[in-house]
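Take a look at the structure below.
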Amino acid sequence: MAVATSERIAEEAGRRSEPAPVVLVQFPRVWGRNPSPFALKLETWLRLADIPFTIEESLRPDRMPKGKLPCIRDGGRLIADSSTIIAHLKATRGIDPDAGLSARQRAEALILQRLFEEHLYFVVVWARWIDPEGWETIARDFFTRVPAPLRPAARTILRRRFARMLRVQGLGRHDRDEILARAREDLAALSARLGDRPFFMGEQLTTIDAVAFGFLANILLVPVEGELKRLAQGFANLVAFCETMEAGIYGEGRAEP
Ligand SMILES: N[C@@H](CCC(=O)N[C@@H](CS)C(=O)NCC(=O)O)C(=O)O
């Protein structure tokens with residue numbers, strides 16, 4: 001019967017049709033990779049989950065649902081927050097790199113994620129925007145899209161904004177040595193947790209490795225010189241982890257979106 005046949009064809013086509021690629025909305029890359037640890041985390045996760053995506057560059061986090069980047073556009077929806085986005089993609093694409101983890105490993109991954117996102121992140125912000133050595137690079141490289149006459153004002157406004165943010169968050173109330181001591185503790189804990197295994201959960205590449213790469217690559221693989229980078233370089237396994245991730249996920253032969 002003609003109708004039944006065309007219905008069957010439509011049904012079959014529907015089953016086969018892939019969802020449109022996700023659009024990753026993020027700040028433009030600087031130094032060849034995303035300078036936002038959260039955006040680099042998400043881009044790394046999309047690559048490790050093998051989810052097709054395209055990139056839309058934005059300098060307007062204020063136009064996003066939560067006033068921050070990254071976001072994604074997926075089937076007409078604009079979704080904010082790297083972790084919310086990963087949960088959404090796991091649910092809608094049926095892809096979960098963490099499926100093999102035990103309840104205890106999931107708990108450990110969450111604790112590690114909080115260390116990266118709720119503490120080390122602020123150390124990175126301090127090392128870039130406040131510490132004079134890092135600020136030199138940021139002042140030079142982060143404002144190239146701002147018209148030259150506006151650059152000095154843009155630098156002052158943004159640097160003040162980050163100083164205020166760090167004060168409200170709390171890290172900015174410590175002196176340089178105290179901040180660096182805390183950074184050293186974070187890095188030592190991460191290094192001890194990674195040990196001699198290739199990935200944070202062992203042999204298996206999971207979401208926490210995308211989180212870790214987003215942050216560690218933004219310390220170790222970027223030209224922001226300073227004590228934070230020198231401290232991190234003292235942990236050979238963290239350096240090796242970054243190099244393995246970089247080669248495996250972004251290396252030669254991996255297509256750019
Ligand atoms: N929880 C968010 C954090 C994102 C975030 O902090 N993004 C920063 C850049 S690293 C941002 O957009 N800041 C812009 C602003 O605060 O105006 C996530 O996981 O995506």
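Just follow the structure's listing: the first ligand is 1, and inside any ligand the first atom is 1.
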Evaluating non-hydrogen atoms only, which member of Leu158, Asp81, Thr84 is closest to atom 2 (C) of ligand 1?
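Nearest heavy atom to atom 2 (C) of ligand 1 lies in Asp81.
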Is a salt bridge present between Glu227 and Arg176, judged by a nitrogen-to-oxygen distance below 4.0 Å?
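The answer is no: the pair does not qualify as a salt bridge.
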Distance to 0.1 Å, residue and atom name: give those for the protein heavy atom nearest to [atom].
| atom | result |
| --- | --- |
| atom 5 (C) of ligand 1 | Lys68 CD, 3.4 Å |
| atom 12 (O) of ligand 1 | Leu69 N, 2.8 Å |
| atom 10 (S) of ligand 1 | Ser36 OG, 3.2 Å |
| atom 9 (C) of ligand 1 | Phe27 CE1, 3.8 Å |
| atom 14 (C) of ligand 1 | Pro61 CG, 3.8 Å |

Would you indicate whether Glu136, at its atom CD, is surrounded by more than 12 heavy atoms from other residues, nucleotides or ligands within a distance under 6.0 Å?
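For Glu136, atom CD is not crowded (no more than 12 foreign heavy atoms under 6.0 Å).
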For the aromatic rings, using the six-membered ring if either is Trp, is the centroid distance between Phe241 and Phe213 under 6.0 Å?
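No, the ring centres sit 6.0 Å or more apart.
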Looking only at N/O atoms, are [X] and ligand 1 under 3.5 Å apart anywhere?
| X | result |
| --- | --- |
| Glu117 | no |
| Ser82 | yes |
| Arg161 | yes |

Option from Trp135, Trp31, Phe27 for which ring pair (Phe, Tyr, Trp, His ring centres under 6.0 Å) with Phe142 holds
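So the option named by the test is Trp31.
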Within 45° of the axis and under 6.0 Å from the centre of the six-membered ring of Phe143, does NZ or CZ of Arg155 qualify?
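Judged by the rule, Arg155 and Phe143 form a cation-pi pair.
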Straight-line distance of Phe162 CZ to Trp126 CH2, nearest 0.5 Å:
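Those atoms lie 15.5 Å apart.
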One pair to check against side chain to side chain donor-acceptor pair (under 3.5 Å): Asn218 and Arg128. What are the steps and the verdict?
CA-CA 10 Å; Asn218 260 306; Arg128 289 182 174 186; 2.7 Å; yes
Show which atoms of ligand 1 fall inside a sub-4.0 Å distance from at least one heavy-atom site of Pro70.
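Going through ligand 1 atom by atom, the ones under 4.0 Å from Pro70 are 20 (O).
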